[in-house]
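A note on names: the letters A, B, ... follow the listed sequences, proteins ahead of strands, and every chain is numbered from 1.
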Amino acid sequence: MDEQTHDRVRDVIRSIPAGQVATYGDVAAVAKAPSPRIVGRILAEDGHDLPWHRVLRANGTPAPHLADEQLQLLRAEGVAIMDGKIDFAAHRWEESPSAHAEEDDSQPGLF
DNA sequence: AGTATGACATGCC
DNA sequence: GGGCATGCCATAC
């Protein structure tokens with residue numbers, strides 16, 4: 001598996017500031033993951049150390065089993081919850097790939 | 001070794 | 001608005 005993608009996804013999620021949220025698709029896009037599914041899988045595998053609660057679905061609603069924890073954690077960070085759903089318009093994390101811009105092509109040391 | 005599934009997203013009908 | 005199919009990778013059986 002690609003450690004780079006794996007690491008990038010974790011890095012991106014860690015880059016999400018408190019009080020803001022992002023969708024799997026956004027994280028996948030910023031982390032340059034081949035598919036948003038990878039993001040969900042990485043969270044399930046190695047996301048225990050990451051603010052996984054800041055990652056939501058495109059609908060603004062987390063997974064059914066996690067939704068309860070999600071909403072509480074997010075609300076604790078100051079996120080506005082609209083009837084069990086996150087207010088995207090108010091807390092959508094601005095994908096700033098350039099902000100942490102790692103090398104994308106790069107063969108480190110191969111230059 | 002192959003099939004099914006999972007913290008998903010997107011396109012089409 | 002809801003259901004079906006596809007892309008992708010790892011784990012479980």
**OP:** Look at all strands and tell whether A:Ile13 reaches a base, only sugar-phosphate, or nothing, counting heavy atoms closer than 4.0 Å.
**Re:**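 No contact.
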**OP:** Give A:Ala58 one of three labels, base, sugar-phosphate or nothing, depending on what nucleic acid heavy atoms sit under 4.0 Å from its own.
**Re:**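 Since only primed, P, OP1 and OP2 atoms lie under 4.0 Å of A:Ala58, the category is sugar-phosphate.
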Using the [atom1] atom as the reference point in each nucleotide, state the distance between [N] and [M] in Å, no decimals.
N      : M      : atom1 : answer
C:dA10 : B:dT10 : C1'   : 22 Å
C:dG2  : B:dA7  : C1'   : 22 Å
B:dA1  : C:dC8  : P     : 23 Å

Subject >> Under 3.5 Å on both distances, the Watson-Crick or G-U partner of B:dT5 >> reply: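 C:dA10 - that is the nucleotide pairing with B:dT5, both distances being under 3.5 Å.
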In whole angstrom, give the distance that lies between atom [atom1] of [X] and atom [atom2] of [N].
X       : N      : atom1 : atom2 : value
A:Arg41 : C:dA10 : CZ    : C1'   : 5 Å
A:Asp49 : B:dA7  : CG    : C1'   : 16 Å
A:Leu43 : C:dC8  : CG    : P     : 20 Å
A:Asn59 : B:dA9  : CG    : C1'   : 10 Å
A:Leu66 : B:dG6  : CG    : P     : 13 Å
A:Ile16 : B:dA7  : CD1   : P     : 19 Å
A:His6  : C:dA10 : NE2   : P     : 9 Å
A:Leu73 : B:dA7  : CG    : C1'   : 14 Å

Original post:
With A:Val21, which of A:Ile16, A:Val55, A:Ile86 fulfils side chain to side chain contact (heavy atoms under 4.5 Å, CB included)?
Top reply: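 The passing option is A:Ile86.
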Original post:
Quick one: does A:Gln20's side chain have a donor or acceptor within less than 3.5 Å of a partner on A:Trp93's backbone?
Top reply: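 Pair absent, no side-chain N/O of A:Gln20 close to backbone of A:Trp93.
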What's the shortest heavy-atom distance between [X] and [Y], and which atoms?
X       : Y       : result
A:Val9  : A:Ala33 : CG2-CB, 4.2 Å
A:Leu74 : A:Arg54 : CD2-CA, 4.2 Å
A:Gln70 : A:Trp52 : NE2-O, 3.4 Å

Original post:
If we ignore angles and hydrogens, is there a donor and acceptor under 3.5 Å between the side chains of A:His53 and A:Gln72?
Top reply: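 No, A:Gln72 and A:His53 have no side-chain donor paired with an acceptor closer than 3.5 Å.
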**OP:** Could you list by number each residue of residues 33-40 of chain A showing a heavy-atom separation from DNA chain B of less than 4.0 Å, or answer none if no residue does?
**Re:**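 By residue number: A:Pro36, A:Arg37, A:Gly40.
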**OP:** Using a strict 4.0 Å threshold on nitrogen-to-oxygen distance, state whether A:Arg92 and A:Asp26 make a salt bridge.
**Re:**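 Yes, A:Arg92 and A:Asp26 are salt-bridged.
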Original post:
Hey, is the side chain of A:Arg57 poking within less than 4.0 Å of OP1 or OP2 on B:dC8, counting only N and O atoms?
Top reply: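 Answer is yes, contact under 4.0 Å.
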